[in-house]
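Reviewing the structure listed below.
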Amino acid sequence: MRQIMFSSRRPAWAALAAASVLAACGGGGGGGGGGGNTGFAFVPPAPGVGSGALPEARPGTLQSCSDLASKATFANTVYTSVTTVPAGTLAVVGVGTPAPAHCLVQGQMNQRTSSVDGKTYAIGFEMRLPVDWNGRFFYQANGGLDGSVARATGGIGGGAPTSTALHRGFAVISSDAGHSGAQIPTFGIDPQARLDYGYNAVAQLTPMAKNLIAAAYGRAPDRSYFGGCSNGGRHAMVAAARSAGQYDGILAGNPGFNLPKAAVAQLYGVQQYAKVTTATTPAGKPDLQTAFTPAEMTTVANAVLARCDAIDGATDGIVADVQSCKQAFDLASAVPTCGATRNGSCLTAAQKTVLDNVFTGARNSAGTALYSGFPYDAGIRGADWRQWKFANSQNLDTAAVGFVFSTPPLGTSRPPGIDFALGFSMDADAPGIFATTALYTESAMSFMTPPNPTNLSALRQRGGKLIVYHGTSDAVFSSDDTTRWYEQLRAANGGDASGFARFFPVPGMNHCGGGPATDQFDMLAPLVAWVEQGKAPASVIANARGPGANVVNAEVPADWSPARTRPLCPYPQTAVYMGGSLESAASFSCR
């Protein structure tokens with residue numbers, strides 16, 4: 001195989017990517033989590049294939065730990081550490097939480113030396129096996145560009161969890177998806193590392209993990225679950241298609257299942273924002289933070305609320321009916337146009353053009369859509385929204401496109417960061433996410449996405465279930481893209497996929513959490529009840545994280561109750577105000 005020469009700028013790429021992964025995904029964890037009020041309502045299962053329940057998992061007790069390295073041998077697998085962890089506290093989003101006694105197994109699979117870049121690769125993992133086991137297995141899919149083995153606890157959905165799958169008795173695995181943090185983003189030069197990141201690490205680890213469980217408990221898991229948010233949500237969507245025979249329930253949060261397209265759209269955004277910046281950075285580059293100030297985005301968010309907040313019957317700072325808001329809100333008329341001076345209470349004509357271009361969706365010069373548009377929502381004033389649009393877009397996304405998603409890798413010969421984004425051609429370079437070569441035999445759109453996102457017949461026919469949630473103020477993965485996918489899934493299943501797959505938009509929530517939203521919720525418990533009891537979730541109760549929460553969300557408005565609750569409704573239903581306290585989910589109904 002031919003060698004690809006490294007650019008002398010590679011260390012800058014690596015530093016930018018590592019910093020952005022830490023900023024965006026907490027060091028590569030990104031598994032997501034939820035908590036607070038764990039209530040959810042049930043409806044009888046929809047008729048037809050896939051609506052019945054699978055047998056419930058049976059509890060068990062850990063039989064082996066210290067001797068697992070010898071009892072659970074598996075091809076191309078090395079266990080580097082097996083230790084007993086006594087009951088105590090385990091940090092959940094930085095908060096010490098009582099944790100069960102468990103066995104911690106760490107190791108790696110498929111170590112190899114690449115013939116393309118000469119680097120050593122392996123699929124690193126850790127697995128936590130509780131002494132008191134609930135009979136279930138949970139695959140924790142992590143976020144960002146992966147590259148680190150996050151603590152294997154298992155996210156349950158939403159922002160700032162109060163518990164995890166491990167705390168509930170699941171055996172949980174976490175992995176780095178086949179490369180280390182030091183190899184971000186240049187692992188994309190190695191063709192196999194690309195495939196491991198996209199889907200193969202899951203395929204390799206799943207049977208190994210189940211073998212380990214069998215050795216530890218004397219039997220295989222009765223039920224298996226898969227979950228993650230962001231890139232972890234993408235992993236989950238891919239698993240629903242590629243690994244349907246291995247998993248009974250799948251939880252996908254803010255899924256970037258069209259991640260290469262979304263990353264290209266981020267570069268398109270950089271090019272747009274650069275047109276209206278008012279200052280440069282110390283390096284002499286356009287300062288994207290000056291394209292739209294926090295005050296200006298607050299003005300836009302307030303205009304959205306003025307036009308759309310009351311559509312659901314309640315003026316409460318939440319746009320529950322995002323689809324109706326699309327018809328009600330028009331940026332040109334809803335936001336005042338500035339004259340010569342920008343003062344935060346208006347937008348210039350040029351700013352309106354740029355913002356509307358971004359929200360309409362990335363296009364090439366012929367006007368062809370490259371990714372979905374984004375809904376205008378109250379959460380666009382949030383810090384997470386700004387982080388993705390003005391910071392991650394010029395480091396994390398440029399690194400991903402430059403090395404992992406373009407075929408052949410463009411980052412080996414081009415400068416990193418904002419220069420890469422500004423020089424990226426939506427006409428000549430964007431098609432590279434679909435390209436292949438003799439060396440790179442799968443395109444990014446092949447190894448990163450579900451083979452056919454709307455064909456989940458294997459999951460449906462075996463009785464498996466899928467729950468997807470997505471914040472409507474996500475700045476990087478469009479909730480409109482997920483809505484479009486779910487509409488197509490419905491069409492592919494006779495107009496109704498709710499018997500095995502449900503999609504819960506989360507109004508106001510940013511990327512996996514945050515924003516002016518009730519963003520703390522538990523999707524794992526209703527998923528288990530749906531899989532094992534046939535109880536389909538008619539709604540899921542979500543909490544705000546005001547003062548008193550385990551982790552306070554600073555963007556919860558001051559005029560909300562700190563413990564406000566709302567029902568999250570399965571699309572196409574939305575929460576409609578029925579009367580009573582605006583702070584209580586009981587005052588709303590999914591209609």
Show which side-chain atoms of residues 255-262 pair as donor or acceptor with protein atoms under 3.5 Å away, not counting sequence neighbours.
unit_1	atom_1	unit_2	atom_2	d
Asn258	ND2	Asp481	OD2	3.1

Inset, instruction - Quick one: list whatever passes side chain to side chain contact (heavy atoms under 4.5 Å, CB included) with Lys285, sequence neighbours left out. - result: Thr281, Ala283, Ile418, Asp419
Inset, instruction - Quick one: list whatever passes side chain to side chain contact (heavy atoms under 4.5 Å, CB included) with Ser473, sequence neighbours left out. - result: Asp377, Asn510
Inset, instruction - For Ser587, check side-chain hydrogen bond (donor to acceptor under 3.5 Å, both in side chains) against everything at least two apart and list the hits. - result: none
Legend entry - Pair Phe521 and Phe504, ring centroids less than 6.0 Å apart: no
Legend entry - Stepwise side chain to side chain contact (heavy atoms under 4.5 Å, CB included) check, Thr162 with Val92: CA-CA 7 Å; Thr162 57; Val92 179; over 6 Å; no
Inset, instruction - Please work out whether the ring planes of Phe374 and Phe359 are parallel, tilted or perpendicular, with thresholds of 30° and 60°. - result: perpendicular
Inset, instruction - List the atom of Leu370, the atom of Ala430, and the distance in Å for their closest heavy-atom pair. - result: CD1-CB, 4.3 Å
Inset, instruction - Provide the full list of salt bridge (charged side-chain N to carboxylate O under 4.0 Å, His left out) pairs with a residue in residues 324-341, sequence neighbours left out, each pair given once. - result: Lys326-Asp480
Inset, instruction - Check salt bridge (Lys or Arg N to Asp or Glu O under 4.0 Å) between Arg490 and all other residues, then give those that pass, not counting sequence neighbours. - result: Glu487
Legend entry - Contacts of type ring-ring contact (aromatic ring centres under 6.0 Å, His included), residue Phe187, not counting sequence neighbours: His179, Tyr197
Inset, instruction - Please check if any side-chain donor atom of Asp384 sits under 3.5 Å from a side-chain acceptor atom of His511, or the reverse. - result: no
Inset, instruction - Determine whether the side chains of Asn142 and His235 contain a donor N or O and an acceptor N or O closer than 3.5 Å. - result: no
Legend entry - Any residue meeting ring-ring contact (aromatic ring centres under 6.0 Å, His included) with Tyr273, in chain and number order, not counting sequence neighbours: Phe390
Inset, instruction - Determine the minimum heavy-atom distance between Ser443 and Ala435, stating which atoms define it. - result: CB-O, 3.2 Å
Inset, instruction - Any salt bridge (charged side-chain N to carboxylate O under 4.0 Å, His left out) involving residues 580-591? Give me the pairs, sequence neighbours left out, ordered by first then second residue. - result: Arg564-Glu583
Inset, instruction - Hey, could you give me each pair passing salt bridge (charged side-chain N to carboxylate O under 4.0 Å, His left out) that has a residue in residues 546-558? Not counting sequence neighbours. - result: none
Inset, instruction - Could you verify whether a donor N or O on one side chain and an acceptor N or O on the other, from Asn543 and Gln520, lie under 3.5 Å apart? - result: no
Inset, instruction - Using the ring-ring contact (aromatic ring centres under 6.0 Å, His included) rule, collect all pairs that involve residues 274-323, keeping only residues at least two apart or in two chains. - result: none
Legend entry - Inter- and intrachain pairs under side chain to side chain donor-acceptor pair (under 3.5 Å), touching residues 335-344, at least two apart: Glu296-Arg342, Thr337-Lys352, Asn343-Ser345
Legend entry - Main-chain N/O of Thr368 paired with Asn364 side-chain donor or acceptor, under 3.5 Å: yes
Inset, instruction - Report yes or no: do Ser365 and Asp427 form a side-chain donor-acceptor pair below 3.5 Å? - result: yes
Inset, instruction - Could you tell me which non-hydrogen atom of Arg381 sits nearest to which non-hydrogen atom of Pro557, and how far apart they are? - result: NH2-CG, 4.2 Å
Inset, instruction - Determine the interplanar angle of the Tyr486 and Phe503 rings, folded into 0 to 90°, and report it as parallel if under 30°, tilted if 30 to 60°, perpendicular if over 60°. - result: tilted
